Amino acid sequence: MEHNSSNFIRNIIKEDIESGKHKEIITRFPPEPNGYLHIGHAKSIVINFGLADEFNGKTNLRFDDTNPSKEDQEYVDSIKEDVQWLGFEWDSMLYASNYFDEMYKRAILLIKKEKAYVDDLTAEQIREFRGSLTEPGKESPYRNRSIEENLDLFERMKNGEFENGSKVLRAKIDMSSPNLNLRDPVIYRVSHAEHHNTGDKWCIYPMYDFAHPLEDAIEGITHSICTTEFEDHRPLYDWVVAECEMENVPRQYEFGRLNITNTVMSKRKLKQLVDEGYVDGWDDPRMPTVSGLRRRGYTPEAIREFVKETGVSKNSGTVESAMLEHFVREDLKLKALRTMGILRPLKVVITNYPEGQVEMLDAENNPENPEMGTRQIPFSREIYIEQDDFMENPPKKYFRLFPGNEVRLKHAYFIKCEEFIKDEEGNVVELHCTYDPETKSGTGFTGRKVKGTIHWVDASQAVPAEFRLYEPLIKDEELEAAEQSGEETTFLDHVNPNSLQIVQGFVEPNMKDVKAHDKFQFFRHGYFNVDPKNSTPEKPVFNLIVSLKSSFKL
RNA sequence: UGGGCUAUAGCCAAGCGGUAAGGCAACGGAUUUUGAUUCCGUCAUUCGAAGGUUCGAGUCCUUCUAGCCCAGCCA
């Protein structure tokens, strides 16, 4: 689809290619394997892989596994699955840990150039010595150790002679820099931890600020694209590449993170929702994780188009969730079979229809996509309709069923409401209607018109089904109101109690054979996905992906 | 209050000295066997504010204002 407007990173790449700075571009998607991917990562994926595709370049999938205490193989597997599901293929799959030997050598080079030193200060002391946003830092008393002593100490760090936290390797830059990242950043720490890839080979691990530029340079990455919070790390990134005398000089470019209304995106908050049981797991359909969106029924195409249309800039804005929803409807419109499902059933007896008679009616599978063909659906004396489609005392402009009113049953006949039956509590539990055989769909009947068309399911062959209806987990308005009222509150206090609503209804008989992830449009409701975990042939479970739009207001 | 970054409609976003693209939302109207879809139309005399340069400024200069990020041995 060609609706991309330009963005600053694409413009830079275009210039770099036109000027001959690069013949081929190489980007990378560098997740840390310590959690599940969410739609914010999807944006990074689309940008990195998308730009490389566009300019015939390459993209590496590189796991930034420099902190073994947090990382795990489980996450690398899920990340690979998510990237592929989103529709992208990496050129090489790599690990930062592949370069630990090379990084170690470059650290020694820094020591030899008197650009790095081993520091014995504790973590707390280092923090104190760093100064503050407005005050310069102080130099560590260990800052001017000899090259020989530093070399010896660093080797012994590597050999495991020191405990976690007892020593670090620091870059020697400038303790009075206004950029805190340049105040002698730690580049190696001691960690006696089992690494998912290198096992117990290493007792020291490089820090992100040292490792990342080296990884990019080693792989020949031309454009290292990340989010804006890394902007003040760029001088350090460039320092590392230069001082480590790397042959390739990658450039870092930063774009603004994706935020979506009524959605929490931070890994920490998502983890809280999972750990504290507010949701079913990382793939709960209410979660903005890639696995959650997949289970909900969002398609890769919709996610990609959404990301492209929101654009790439350095602003930190918040996109309305309506925009994401728009792109799912757009994608599913021609793909999803249109069928009838009753979420909240109300029985209707068609009193003048012969008892025991069943007729088969033709129904188009998707009027906007005739290639999807037609199907046959049964019709008989008893059907279910939606409770909402009957009102005893309707307001003006209510086009559905009420005493004496006639409507069209989709694909079938006109029916007229003759009487309604209530239970002891006053709830309407059954309708008696009459039908007009003249008005059968497809016969071209033009004798009279009705204002409303409602959907229905034949009661004798209806398949019981579960529908899971979703609302946002967090509503921004409520959260903001609470925050502004000054009360002490966290987002967890405002998890929407209606975020999941489960109802039991019926679907057409031919829905018996649905498979996981089949997607349908239930007429007048919305798009639904067959839940891959809980759906069974006896009792299909449908997740609401997104409702149809509606201009009807009661 | 040190440094970095950002500011174009309700939201996202193009724009690169020549007179404000596009998408979402909203609102009219037509078509409709989904109150959907589709179609057609409306929606920034003005670009955070104020000055200045220029024949001409969203684009250049100055000052101001607001918002975001940074003091992990996380990434």
Side-chain angles (χ1 to χ4, degrees), chain A residues 3-7 11 30-32 34 64 66-67 69-71 119 121-124 126-128 130-137 164-170 177-183 185-191 204-205 207-209 211-212 226-235 254 256-258 261 267 305-306 308-327 329-330 333-334 338 340 364 367-368 397-400 407-412 414 441-442 449-455 521-526 547-553:
Chain A
H3 52 67
N4 295 334
S5 56
S6 73
N7 69 59
N11 293 345
E32 183 188 14
N34 74 339
D64 215 349
T66 56
N67 185 0
S69 60
K70 294 186 168 183
E71 297 151 2
D119 197 344
L121 256 29
T122 64
E124 196 174 326
I126 287 180
R127 189 181 341 115
E128 286 162 9
R130 187 152 33 222
S132 73
L133 293 178
T134 50
E135 299 158 315
N164 289 359
S166 58
K167 282 185 169 46
V168 292
L169 185 71
R170 292 231 249 169
S177 171
N179 181 344
L180 291 293
N181 296 118
L182 264 19
R183 318 244 263 229
V186 172
I187 59 177
Y188 262 98
R189 77 285 216 177
V190 176
S191 174
I204 53 172
Y205 291 93
M207 299 286 291
Y208 169 86
D209 281 316
H212 206 89
C226 63
T227 44
T228 50
E229 66 267 29
F230 291 101
E231 233 160 352
D232 357 309
H233 294 245
R234 194 170 60 224
E254 310 87 8
R257 277 184 115 89
L258 172 65
T261 57
K267 208 175 266 184
E305 289 307 311
F306 165 72
K308 285 179 190 164
E309 199 57 44
T310 58
V312 181
S313 77
K314 301 187 79 150
N315 285 340
S316 52
T318 303
V319 179
E320 289 172 353
S321 50
M323 191 148 163
L324 212 205
E325 295 179 343
H326 164 81
F327 286 100
R329 292 192 193 98
E330 177 82 5
K333 187 169 58 191
L334 299 180
R338 301 184 188 187
M340 299 193 285
E364 293 169 294
E368 291 183 77
K397 299 247 187 123
Y398 183 81
F399 303 150
R400 287 110 94 155
V407 300
R408 183 194 296 276
L409 292 178
K410 180 78 185 172
H411 303 308
F414 287 9
S441 287
K449 296 203 166 178
V450 287
K451 295 280 275 188
T453 297
I454 66 172
H455 60 281
Q521 184 202 103
F522 286 115
F523 268 106
R524 302 206 298 136
H525 284 298
S547 305
L548 256 23
K549 289 172 61 164
S550 172
S551 58
F552 175 69
K553 287 163 197 93

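Not measured: the values here are computed from a predicted model. Each chain gets a letter, A, B and so on, in the order the sequences are listed, and its residues count up from 1.
Each of B:C69, B:U6, B:C16 was ranked by its minimum atom distance to the side chain of A:Asn315; first place goes to B:U6. Side-chain atoms of A:Met323 lie closest to B:G23 of the nucleotides B:A25, B:G23, B:U33. The A:Val168 side chain lies nearest to B:C73 when the options are B:C73, B:A75, B:G2. You'll find that the side chain of A:Lys549 is closest to B:A26, out of B:G4, B:A26, B:C74. Side chain of A:Asn7, nearest nucleotide from B:C73, B:C27, B:A14: B:A14. The listed nucleotides are B:A13, B:U1, B:G23; the one nearest the side chain of A:Ser313 is B:A13. Taking only side-chain atoms of A:Ser6, from C-beta outward, the nucleotide of B:C70, B:C73, B:G15 with the closest atom is B:G15.
Of the possible polar contacts, one joining the A:Arg329 side chain to the A:Ser547 backbone as a donor-acceptor pair under 3.5 Å is found.
Using a 4.0 Å heavy-atom distance criterion, A:Val319 is classed as a sugar-phosphate-only contact. Contact annotation for A:Asp64: backbone-only contact, meaning every heavy-atom pair under 4.0 Å involves sugar-phosphate atoms and none involves a base. Residue A:Arg130 is classed as a sugar-phosphate contact, given heavy-atom separations below 4.0 Å to backbone atoms only. Contact annotation for A:His411: base contact, defined as any heavy-atom pair under 4.0 Å involving a base atom. Using a 4.0 Å heavy-atom distance criterion, A:Ser550 is classed as a sugar-phosphate-only contact. Residue A:Leu121 is in base contact, counting any heavy-atom pair closer than 4.0 Å across all strands shown. A:Phe230 comes within 4.0 angstrom of a nucleotide base, judged by non-hydrogen atoms across all strands. At a threshold of 4.0 angstrom between heavy atoms, the contacts of A:Leu324 with the nucleic acid are absent. Using a 4.0 Å heavy-atom cutoff across all strands shown, A:Phe414 reaches no nucleic acid atom at all. Within the 4.0 angstrom heavy-atom criterion, no nucleotide atom of any strand lies near A:Gly256. Residue contacts for A:Val450: at a heavy-atom cut-off of 4.0 Å it reaches no nucleic acid atom on any strand shown. Counting any heavy atom pair closer than 4.0 Å across all strands shown, A:Thr261 reaches no nucleic acid atom. Here A:Thr66 lies in heavy-atom contact (under 4.0 Å) with sugar-phosphate atoms only. Among the protein residues, A:Gln521 comes within range of the nucleic acid bases, having at least one heavy atom under 4.0 Å from a base atom.
For the C1' atoms, the distance from B:A66 to B:G48 is 7 Å, rounded to whole Å. Rounded to the nearest Å, the gap between the C1' atom of B:G58 and that of B:C27 is 28 Å. When the P atom is compared between B:A75 and B:G4, the two are found 25 Å apart, to the nearest whole Å. Spacing of P atoms, B:C69 relative to B:G28, comes out at 39 Å, to the nearest Å. Spacing between B:C12 and B:C73 at atom C1', rounded to whole Å, works out to 39 Å. Atom P of B:C47 sits at a distance of 23 Å from the matching atom of B:U42, rounded to the whole Å. Separating the C1' atom of B:U8 from that of B:G3 is a span of 27 Å, rounded to the nearest Å. Rounded to a whole angstrom, the distance from the C1' atom of B:G10 to that of B:C16 is 28 Å.
The nearest heavy atom of RNA chain B to A:Lys397 and to A:Thr318 marks one nucleotide each, and the one closer to the 5' end goes with A:Thr318. Residue order along RNA chain B, read from the 5' end via each residue's closest nucleotide, puts A:Glu135 first among A:Glu135 and A:Glu229.
In this structure, NE2 of A:His326 is placed 7 Å from C1' of B:G23, rounded to the nearest angstrom. Counting to the nearest Å, the C1' atom of B:C74 and the CZ atom of A:Arg189 are 7 Å from each other. At whole-Å resolution of the value, NZ in A:Lys333 and C1' in B:U38 are 8 Å apart. The CD atom of A:Glu368 sits 10 Å away from the P atom of B:C39 (whole-angstrom rounding). The distance between atom OH of A:Tyr398 and atom C1' of B:G35, rounded to the nearest whole Å, is 11 Å. Straight-line distance from the CG atom of A:Leu133 to the P atom of B:C69: 13 Å, rounded to whole Å. Atom CG of A:Asn179 is separated from atom P of B:G2 by 15 Å (rounded to the nearest Å). When the P atom of B:C12 is taken as reference, atom CD of A:Glu325 falls 17 Å away, rounded to whole Å.
Between the side-chain ring of A:Phe523 and the base of B:A36, no stacking contact exists by the 5.5 Å and 30° definition.
If you check the side chains of A:Glu135 and A:Ser132, you find a donor sitting under 3.5 Å from an acceptor. Side-chain atoms of A:Thr122 and A:Glu124 form no donor-acceptor pair, as typed in the model, at a separation below 3.5 Å.
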(request) In sequence, state the C-alpha distance, the side-chain angles, and the governing distance for A:His233 and A:His212, and then conclude on ring pair (Phe, Tyr, Trp, His ring centres under 6.0 Å). (result) CA-CA 11 Å; A:His233 294 245; A:His212 206 89; over 10 Å; no
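Put simply, the side chain of A:Arg400 and the base of B:G35 share a donor and an acceptor less than 3.5 Å apart. Remark: the A:Glu320 side chain and the B:G10 base include a donor-acceptor N/O pair separated by less than 3.5 Å. A donor-acceptor contact under 3.5 Å is formed by the side chain of A:Ser441 with the base of B:U33.
Rounded to the nearest 0.5 angstrom, A:Glu325 CD and A:Glu320 CD are separated by 10.5 Å. From A:Glu71, atom CD reaches atom CG of A:Asp64 across 7.5 Å, with rounding to the nearest 0.5 Å. Rounding to the nearest 0.5 Å gives a distance of 11.0 Å between CG of A:Asp119 and OG of A:Ser166. Here the NE2-CD distance, from A:His411 to A:Glu364, works out to 7.0 Å after rounding to the nearest 0.5 Å.
Listed pair A:Ser551 / B:A36 meets the phosphate criterion, a side-chain N or O lying under 4.0 Å from OP1 or OP2. Checking the phosphate oxygens (OP1, OP2) of B:U37, no side-chain nitrogen or oxygen of A:Arg329 falls inside 4.0 Å. In terms of phosphate contacts, A:Arg234 brings no side-chain nitrogen or oxygen within less than 4.0 Å of OP1 or OP2 of B:G4. Contact between the side-chain N/O atoms of A:Lys449 and the OP1/OP2 oxygens of B:U33 is not found at any separation under 4.0 Å. Dashed line: the shortest gap from a side-chain N or O of A:Asn181 to OP1 or OP2 of B:G3 is not under 4.0 Å.
For the pair A:Lys314 and A:Glu254, the salt-bridge criterion is met [side-chain N within less than 4.0 Å of a carboxylate O].
Glycosidic conformation of B:G72 is syn; the angle stays within 90° of 0.
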(request) Give the dot-bracket string for RNA chain B, reading 5' to 3', where a pair is Watson-Crick or G-U wobble with both distances under 3.5 Å, ( ) marks pairs inside the strand, [ ] marks pairs crossing earlier ones, | marks a partner on another strand, and . marks unpaired. (result) .(((((((.[[[..)..(...]]].(((((.......))))).....[[[[[..)....]]]]])))))).....
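For the pair A:Arg170 and A:Tyr188, the cation-pi test (distance below 6.0 Å, angle within 45°) is failed.
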